[in-house]
Amino acid sequence: MVEPRTVKTLLALLISMTSGALLLWMMSGDPLPPGEIAAVVVAPQPPVLDAKLLDTDAPMLPSRWRHIVIHSSPSVESDIARRCHFVVVESSNGTAVHASALWKRQAAGLGVAGQPASFNAETISVCLIGDFSKVAPGPEQYKALVALTQLLQGAPLNINHSHVYLRCELDGSDAPGLAFPVESFTKQLIP
């Protein structure tokens, strides 16, 4: 026979888990499917990057940086990667995010063809290393890109989500690639 204390514990656990799931669902704003209890899936949070990544040698002028553009390149050695402020690379040693000398000097980075010079001068360029035409970035590289973008959006730069672009949105190219998870990335930007 099952002891009453065990039944009470299991019942309390079931109630608290159901309440927690419903609370998470209500906070998400997603509609509940009719006649069903929705399964709540909590997406893993992006890694927290050290704010020292934003350190510069020249004085930072937060009001200068108004946009972020995500580029891609198959190689760290490419001209595109060398002209970006930040590079997100995945290798056999793991995923790394590097600030370039351009960022450290607070110099203009890679511009986008067809955009005014003033737009390009106010844009932080981020390069995701890899070919994402058929395969999306790996989970760790993607999480690092999201974390970097959120870090750049925060204080002291305060870049609004409406000023974060994929290069393809500005020049008609396919960068960062047709397999890049655009909708997921957009949802994770800081509003």
Side chains of His71 and Val112 in contact at under 4.5 Å (non-hydrogen atoms): yes
Partners meeting ring pair (Phe, Tyr, Trp, His ring centres under 6.0 Å) with Phe132 (sequence neighbours left out): none
Closest contact, heavy atoms only, Cys127 versus Ser73: SG-CB, 3.6 Å
ILVMFWY cluster, Ile70 and Val89 together (side-chain gap under 4.5 Å): no
Side-chain donor/acceptor of Arg82 to backbone N/O of Glu77, under 3.5 Å: yes
Main-chain N/O of His85 paired with Ser125 side-chain donor or acceptor, under 3.5 Å: yes
CZ/Arg66: more than 12 non-hydrogen atoms of other groups inside 6.0 Å: no
Heavy-atom donor-acceptor pair, Lys104 side chain to Asp55 backbone, under 3.5 Å: yes
Between CZ on residue Arg83 and OG on residue Ser78, distance to nearest 0.5 Å: 10.0 Å
Distance-minimising heavy-atom pair for Ser72 and Gly177: OG-N, 4.5 Å
Over all atoms of both residues, closest heavy-atom pair of Arg64 and Ala107: NH2-C, 4.0 Å
Heavy-atom side-chain contact between Leu152 and Trp65 under 4.5 Å: no
Within one Ile-Leu-Val-Met-Phe-Trp-Tyr cluster: Tyr165 and Val87, side-chain cutoff 4.5 Å: no
Any side-chain heavy-atom pair of His98 and Ile129 under 4.5 Å: no
Polar side chain donor-acceptor pair, Gln188 to Ser184, under 3.5 angstrom: yes
Connected via hydrophobic side-chain network under 4.5 Å: Leu53 and Leu128: yes
Atom pair CG (Leu151) and CD1 (Ile190), whose distance is rounded to the nearest 0.5 Å: 8.5 Å
Salt bridge (charged side-chain N to carboxylate O under 4.0 Å, His left out) against Glu169, all qualifying residues, sequence neighbours excluded: none
Value rounded to 0.5 Å, distance of CD in Glu90 from NZ in Lys143: 10.5 Å
Heavy-atom pair with the smallest gap, counting every atom of Ala144 and Val88: CB-CG1, 4.0 Å
Ser100 side chain vs Cys84 backbone, donor-acceptor pair below 3.5 Å: yes
Any donor-acceptor N/O pair, Tyr142 side chain to Phe180 backbone, under 3.5 Å: no
Close side-chain approach of Met60 to Trp103, heavy-atom, < 4.5 Å: yes
Polar side-chain atom of Gln153 near backbone of Asn158 as donor-acceptor pair, under 3.5 Å: no
Minimum side-chain heavy-atom gap Asp79-Leu110 below 4.5 Å: no
By ring pair (Phe, Tyr, Trp, His ring centres under 6.0 Å) - contacts of His161 (at least two apart): none
Hphob cluster co-occupancy, Val69 + Leu54, side-chain heavy atoms under 4.5 angstrom: no
Candidates Val126, Leu102, Ile68 - the one meeting side chain to side chain contact (heavy atoms under 4.5 Å, CB included) with Phe86: Val126
Closest non-hydrogen atom pair between Gln141 and Pro137, with its separation: OE1-CB, 4.0 Å
Joint hydrophobic cluster, Leu189 plus Leu170, side-chain heavy atoms closer than 4.5 Å: no
